[in-house]
Amino acid sequence: MDNPEVILNIITGSLKLINILAIAGMAIGLFFTINKSRELQKKSDKLTRSLEEMDGQAKLIVRTDMELNKTQEELDKKISGLYALQRLSRSLSTTLEEGQIFRRITASCLEELGFEKACVLLWHEKENKFIIHLSIGYLENEGHIIKSFIDSEQDKYLDLIKKERAISSTLLQQDSQIDKNKLSHIFKVNSFVISPILPKEGKKGFLFVGTDNLDVAVTAGDEELITILTNQVGQAIENARLFETTWKAQQELEKKVEERTHELTLALEEVKKNSKRKTDFISSVSHELRTPLTSIKGYAAILLEEKLGKLPAPVKERLAKINLHSDELVQMVNGLLDIARIESGRAVMKMEAQDLKDIVDKTADLIMIQCKNKNVELVTDLKGKLPAVTGDRTQLERVFINLLGNAVKFTPEKGKITIRAQVKNNEVQVDISDTGIGIPPDALQSLFQEFYRVDNDVNQQVKGTGLGLSLVKHIIEAHKGKIWIESSLGKGSTFSFTLPLMK
Ligand code: ADP
């Protein structure tokens, strides 16, 4: 151990070992340091990536927020546009005059739709040109420029109407026909929508709306809004046209009714005048006839009584005929005078409360003898106690006597006559029915005319004046009643009339 060499060797060996150990230690240290730094690097990378991701996300959020704001703005615009459209539609739907329709589209409602300028041009078929019906946001000379521009390109715009769909500046590039820049220049706008107005009937055309706001781009939504608006305008034009046609027709009808009423009034006055003339004529002729008739009858009577000497039988026979015919003539003249008097209102009617049962009983009594002679049954059927009617006793008796007399005359043996009376609708209705020969339907209309008699066997055998029913009708009408007939040929007739109740 004392050997220095050995010691040196040991020292050297130790130093080497120490060196080796130191190096090994350093290497280990280095190894750990490197590892640590790698880890740190990794962490730093991760952090950078996270930061980058966060930055990306922040940008995305900002972008999304901006987009959302824009969408919100558009949505607000659309909602306010829809409100404006709704108000406009309501106003348009109540417009019935074509001139009024475009006045409803105002600058303020246009603004709510997002535009400041508008023009409506309608195609006038007769004039063969477009005419401006609405202009908002344009001066007069600008309107002239627009008009002459459209005139120069009218075929293109007629084509556009035919296509039946709206176009906007955003989509116009695809449409080769219309030059967007030229149009923007002429109409002095940046973006626009053109939408056709298409009423089923009436003038077609188009609505142009635009804005010169550079920030505003027309969207598909705007196109939709303007299309809805032009549909409403088309409908309003159609309604106005329909209303105008109906109104015109009504005016014409009213004019015609007025003319006809005037004509009828004149005709009625003429009829009244003629009727008065006729009544006056009949009245005076009847009066004139009465005097000679009375003397004819008087002389015939004197001769017949043979106060002036005995007459041969054939002369007496002829005189008796003169007497009979004179009686008939007197009857006719009296009948005519009665009708004329009632018609002219000269007949004095004593309107009093009348007991109808009384009148029926009395006139039935009078006619009973004729019925018995002819073997005709006479029945009265009065429903309950009849209230009093208003009327002139003598005239009402004439009505019953005439109708009952006719019933007996036109009812063959073994027939039946019924007098019925009842209260109906606040008046009394009397029906006088018989089981007689009846009246042909074509004669019913003329039956109440003076001198009208049906051409039948009875009338050929029994004389009559043809004045009875006319007189009856005049009397009933003078009592504010109505008279009518129901008849069946060969089976019988019913003459019905009404009389007002006593108030
Ligand atoms: P007249 O009895 O003098 O002919 P009217 O004016 O009383 O005149 O009657 C006119 C005509 O109406 C009669 O001629 C007859 O043809 C028809 N007529 C009236 N009453 C009846 C009746 N009950 N049945 C059938 N025909 C009738």
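Predicted model only: the values in this text are computed from it and were never measured. One-based numbering, in listed order, for ligands and for the atoms of each.
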Protein contact to [atom] [nearest heavy atom, distance to 0.1 Å]:
atom                    : answer
atom 17 (C) of ligand 1 : L447 CD1, 4.0 Å
atom 23 (N) of ligand 1 : D434 OD2, 3.0 Å
atom 26 (N) of ligand 1 : I439 CG1, 3.4 Å
atom 21 (C) of ligand 1 : F410 CD1, 3.5 Å
atom 7 (O) of ligand 1  : N406 ND2, 2.8 Å
atom 6 (O) of ligand 1  : L469 N, 2.8 Å

Atoms in ligand 1 with a heavy atom of [X] nearer than 4.0 Å:
X    : result
V454 : 14 (O), 16 (O)
R453 : 1 (P), 4 (O), 14 (O)
S493 : 24 (N)
G464 : 3 (O)
G468 : 5 (P), 6 (O), 7 (O)
N459 : 13 (C), 14 (O), 15 (C), 16 (O)

| message | Under 4.0 Å, heavy-atom basis, I'd like to know which part of Y452 is in contact with ligand 1: side chain, backbone, both or neither. | response | backbone
| Partner of H474 under side-chain contact (heavy atoms from CB on, under 4.5 Å), chosen from R341, H479, E450, Q395 | E450
Determine, for [X] against [Y], whether the closest basic-nitrogen to carboxylate-oxygen distance falls under 4.0 angstrom.
X    : Y    : value
D280 : K276 : yes
K307 : E305 : yes
D361 : K357 : yes
K255 : E252 : no

Sub-3.5 Å N/O-N/O distance, [X] and ligand 1:
X    : result
S470 : no
G466 : yes
T465 : yes

| field | Proximity flag F495 to ligand 1, non-hydrogen atoms under 4.0 Å | value | yes
| Does ligand 1 have an atom under 4.0 Å from some heavy atom of K409? | yes
| What do you reckon, is OH of Y299 surrounded by more than 12 foreign heavy atoms closer than 6.0 Å? | no
Is there a donor-acceptor pair under 3.5 Å between the side chain of [X] and the backbone N or O of [Y]?
X    : Y    : result
T435 : K416 : yes
S487 : G492 : yes
T411 : V408 : no

| query | If you take all heavy atoms of E306 and L311, which pair is closest and at what distance? | reply | OE2-N, 3.2 Å
| Using 30° and 60° as the class limits, which term best fits the ring planes of F206 and F130: parallel, tilted or perpendicular? | perpendicular
